[in-house]
Amino acid sequence: MTKQLDLLDIQGHVLRAYGRFHYPLARYIFLNIKDESIGRDFVGAISKKVTTAVEWGNGPGQVEQPPWTVNIALTYQGLKQLGIPRSSLIGFSPEFVSGMKERKDILGDDGPSSPEHWDPIWRENRETREKDVHIFIALNAQFSKDSDLLGESYDWLLGVIKEHQKGVAVLGGHRGDDGALLDYQDAKIVMENGLPTAKEHFGYTDGISDPVFEGVPYDADRINGRGKQMEDGSWAPLATGEFLLGHIDEAKEYPPAPNPILLSRNGTYMVYRKLHENVATFESYLDEHGKKFPGGKELLAAKFVGRWRDNGAPLTTAPDADSKAEFDKKFKEAEDKNDKKAIDDLLSNFTYDNDMSGGKCPFSAHIRRINPRASLEMIEGDKPGSLKMNPNAFDTPGALSNRRRLLRRGLPYGEVKDRSKDNGNHGIIIMMVNADINRQFEFVQQQWINYGNDFRAGNDKEIILGNHSANDKFSSKAVIQVDPDSDETPYILSKIPRFVETRGGDYFFIPSMTALRMIAQGVIDPT
Amino acid sequence: MSNIAGKAYAMNVISPLRPYLTWVNKLIFWYAAKKPSNLTGLITLSLIHYARWVIIDRDKFPHLDPKQPKEDLSYNYMLFFSNFNGSWDQYVDSFTFAIPGGLDLLWKWTVRYPKSVALTPFHNYIQYNQIETIHYYNAYPLAASNDVKSAKSVKSALIKFQQDTQNASDDDFMKSYNALLRGLQHDLGDMHPTPIVSMSAYQVQKRQKWHKKNDLQLGGK
Amino acid sequence: MASNISGNAYALTILSPIKNGLQDETAYADIVRNRLQEWNAENNSPMALTPDTYLCRFFVLDDVYTETLPGANAWDTVVDWLPFVPNFLRRWAWPKEDHLKSRYLVFSSNFYCGPEGTIDAYLRAMWVAIGDRIKEIWGYCYGFEDVNDADQFIAYMKKCQLTATLFFVGSTDDPLNEQLKALYLKQEFAKFAIDNQGLDKTALRNNFQAFFDRVQPANLSAPTWAAGKYRLED
């Protein structure tokens, strides 16, 4: 059923990736609550300025786009500290209650990603009450030549914190440049030659193909490739309940949520992770194998992710240099006309139906593992090394992936000053929004990124994000498949190093505006 | 207790069946077995090593001794045993997402089966009627069902390759080898100890290791 | 109709009633469960010694369950077709409370039975390999007092056997040593493919021959994976 969501009740960053809306700068601040009542008062003060998901513009029901945005989220410990009653607290999911650090074995945060290497703020989180992360405030700012909008937003926040300093305190311990420890985590888009890009530090265009679900008016024309694939080849938006509590989900029920309903409805869960990128390791591994890989370095780089680095062209549409050139032509045309819909179509509207054997986009490529679309409805093909779709084997083609989708928010952080070193301050802050952390984020992380059985790849991990081991006994490999009808031979990436390391994070609850006000007033009561 | 042995999970479910409907259930199973295309969804999921359903009529519980009291039941019972890969959640979810109709066809004759959609009542039903395995043995804990199947392809391909290239030229050998790899490009996944599917099972393992270590230190076995 | 056999694989389902007695203030059934639990602490399962066992499990069936959650089937609410349901009918429609009079040892095994499709050879081998362990677990069951050799064990098990209504084989129905050898070869060949990537045709050919001689694909007894192998270094 399509019903427009109550946009004024939902926090803005849930429905929008601010980076896409001209907010290239962000600052994330985390606080500890020392006094329950003052803490609630603080939440109340913040909530007056929180940015909702309301449409921006000059029309009726619309609001002028703000120069900077404010959003707030809470951990389990934070909810407890704000005085949410126990009978509400037990309704939150067990993984949210444990927090992300305790789930490290499920998430594969081992070796260099294990909590002992995390930024101090995250290392000390969940160890003593005084250092627990309770509140997360996200500030996003537009870029202005004339004023420091991010600085303005931060000053405003510091003012509110000062007014409540007897009850809340900023938690420091975010690693910045050159070993500095800061009171906040900054994030910003990567600039290239003085121009803003949508890239991250390995050089890939990021933030493409965010899922689209029912009820969001500014997504209504972006369904192809982003929603769920139907039998007749069309696309439909996903059920709202996959991403927002209090709405029907793909399993035709309301997702499990805490009581009372007003506490959870229009709220959701969010996973915050700071991921350091080992730029030097990436460059040298790509160089080493790029020399040997037939097709060259850039094609190999594309095979890691499933998209070409420069403009994000999907390999299923542009599997080789020739088709890439054709794609580039169409892409440039669309860019010149500023035809956003055409651009989106080129980037997101594809299926794996014609690539069931992985000859175009490998089975261990990033985007295929994160969102296999309908490709899991596979059985052995007629030729050795081939797989084919088994139509109608499943209730819907995307049955195994529709409930594993994630909204991705966040931005890269830091800058690469020296591409020959790993230890600079550079990576991405990723925030994943989903209605069920265990079924969505944790599942994808554990079963599809750090493991490969669903892709017939045994223990082979996803190339970019996998927690590849430095231990030779468990060294990682990935097979770059080829077209079974060709004469080519698959290329095997061996001894894959860990490109990305976890440096911290936790699980958060993003309340609706209603819930936020009620939490601030202290009136949550599930009786 | 352990429902897990390496990459396999042992699920046992027992459900009561109305005696006057049991024949329908048996007929449906017979039909499913006769036309394997009925099980295409199950085959495509590819997560199961072996699974079986056993319907026990209420008067057919094994009776071995006059001293053993005879069972006096109102219902027949359907036992379900599955050996599958992945976590409990992934398994149950994949059925309810991918083949809800098939599931319903096999279970809807049992008492108070809630249908496979929506998810939560179905999860509750399975949990309610599940019995824990005490001892579970897996001949290849490091291998998922996909691994066993792909291993079979690797073995036969290697043997055939050796035969076919006995007298080939070096160039042809290379060409055939490339074709061999191409043909096995989905069968070469590594096999390492499983991902951890459950914190509880993991903690049991850790505790058992502690007991073992301390038994030895305390002069135990 | 129903069959325990699918290709060359067999589904053996055993329900052995446990005597209703006690020893050291512990019920026999609980002793059995405890002993099974202790099997988990051993280095490898005793069942690893029973040839051709793919996967098998043991548990103690204490009782059946009474369904109280709501159902969504026509039969669960068939009484509702009547506009007015008298009390006796309303109560009759409630799920019945069933109880088992004995507790059962349940043994469910999936194994290779070959084209003959019988369980005799399997059970005989099991008795020969782990007869003492069998007595440990089955010793408290009705009718097991007379089991002293393989033949008697087979006869006993046939009395406890149930027929599968549907047996689904999602994997292969090859002999276990075939499966284990294949898994070994898969692991080794993946390593070979990496080590020999990009080599010239002569080196490749020589290396492949050496590889083939080392792993001996046709030799099922060695080198291969051991049954129940949990770790890579073993």
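In what follows, chains are A, B, ... by sequence order, proteins preceding strands, each numbered from 1. Since we're looking at a predicted model, the values are computed, not measured.
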Participant: So for C/P70, is it side chain, backbone, both, or neither that comes closer than 4.5 Å to the heavy atoms of chain B?
Facilitator: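 The backbone, not the side chain.
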
Participant: Go through the atoms of C/D174 and report whether side chain, backbone, both or neither lie under 4.5 Å from a heavy atom of chain B.
Facilitator: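 For C/D174, the side chain is the part near chain B, not the backbone.
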
Participant: Salt-bridge test for B/R18 and C/D76: reply yes if a basic N is under 4.0 Å from a carboxylate O, no otherwise.
Facilitator: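 Salt bridge between B/R18 and C/D76, a charged N being under 4.0 Å from a carboxylate O: yes.
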
Participant: Using only atom types and a distance under 3.5 Å, with no angle test, would you say the side chain of C/R57 pairs donor to acceptor with the backbone of B/M11?
Facilitator: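 Yes, because the side chain of C/R57 sits within donor-acceptor range (under 3.5 Å) of the backbone of B/M11.
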
Participant: Would you mind telling me which of C/L36, C/N44, C/N110 has the largest number of heavy-atom pairs within less than 4.5 Å of chain B?
Facilitator: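 Counting heavy-atom pairs under 4.5 Å, the top option is C/N110.
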
Participant: Given a strict heavy-atom distance threshold of 4.5 Å, which part of C/I14 is in contact with chain B: side chain, backbone, both, or neither?
Facilitator: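 Neither part, no heavy atoms under 4.5 Å.
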
Participant: Report which part of B/S46 has an atom under 4.5 Å of a heavy atom belonging to chain C: side chain, backbone, both, or neither.
Facilitator: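 Contact with chain C is absent: no heavy atom of B/S46 under 4.5 Å.
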
Participant: Under a 4.5 Å heavy-atom cut-off, does chain C meet the side chain of B/L79, its backbone, both or neither?
Facilitator: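 Just its side chain gets close to chain C.
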
Participant: For C/L180, is it the side chain, the backbone, both or neither that has a heavy atom under 4.5 Å from a heavy atom of chain B?
Facilitator: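 C/L180 touches chain B through side-chain heavy atoms alone.
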
Participant: Report, in residue-number order, which members of residues 113-123 of chain B are under 4.5 Å from chain C by heavy-atom distance.
Facilitator: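 So far as heavy atoms go, B/Y113, B/P114, B/K115 are the residues that approach chain C to under 4.5 Å.
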
Participant: Do the two ring centres, one from C/F59 and one from B/Y136, sit under 6.0 Å apart?
Facilitator: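 Ring centres of B/Y136 and C/F59 not closer than 6.0 Å.
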
Participant: Given heavy-atom pairs under 4.5 angstrom as the criterion, report whether the side chain, backbone, both or neither of C/A74 touches chain B.
Facilitator: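 Neither part; nothing is under 4.5 Å.
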
Participant: Identify which part of C/T163 has an atom lying under 4.5 Å from any heavy atom of chain B, answering side chain, backbone, both or neither.
Facilitator: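 Only the backbone of C/T163 comes within 4.5 Å of chain B.
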
Participant: In terms of the angle between their ring planes, are B/H135 and C/F58 parallel, tilted or perpendicular, with boundaries placed at 30° and 60°?
Facilitator: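 B/H135 vs C/F58 ring planes: tilted.
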
Participant: Using the side chain to side chain donor-acceptor pair (under 3.5 Å) rule, collect all pairs that involve residues 176-185 of chain C, keeping only residues at least two apart or in two chains.
Facilitator: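 Non-adjacent pairs meeting side chain to side chain donor-acceptor pair (under 3.5 Å): B/Y50-C/Q179, B/Y140-C/Q179, B/K155-C/E178, C/T172-C/Q179.
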
Participant: What part of C/I194 lies closer than 4.5 angstrom to a heavy atom of chain B: side chain, backbone, both or neither?
Facilitator: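 Neither; nothing under 4.5 Å.
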
Participant: Apply side-chain hydrogen bond (donor to acceptor under 3.5 Å, both in side chains) to the pair B/S150 and C/K186, showing each step before the final yes or no.
Facilitator: CA-CA 8 Å; B/S150 58; C/K186 173 173 142 103; 3.0 Å; yes

Participant: By a 4.5 Å heavy-atom criterion (distance strictly below it), what part of C/L185 contacts chain B: side chain, backbone, both, or neither?
Facilitator: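 Interface part for C/L185: both.
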
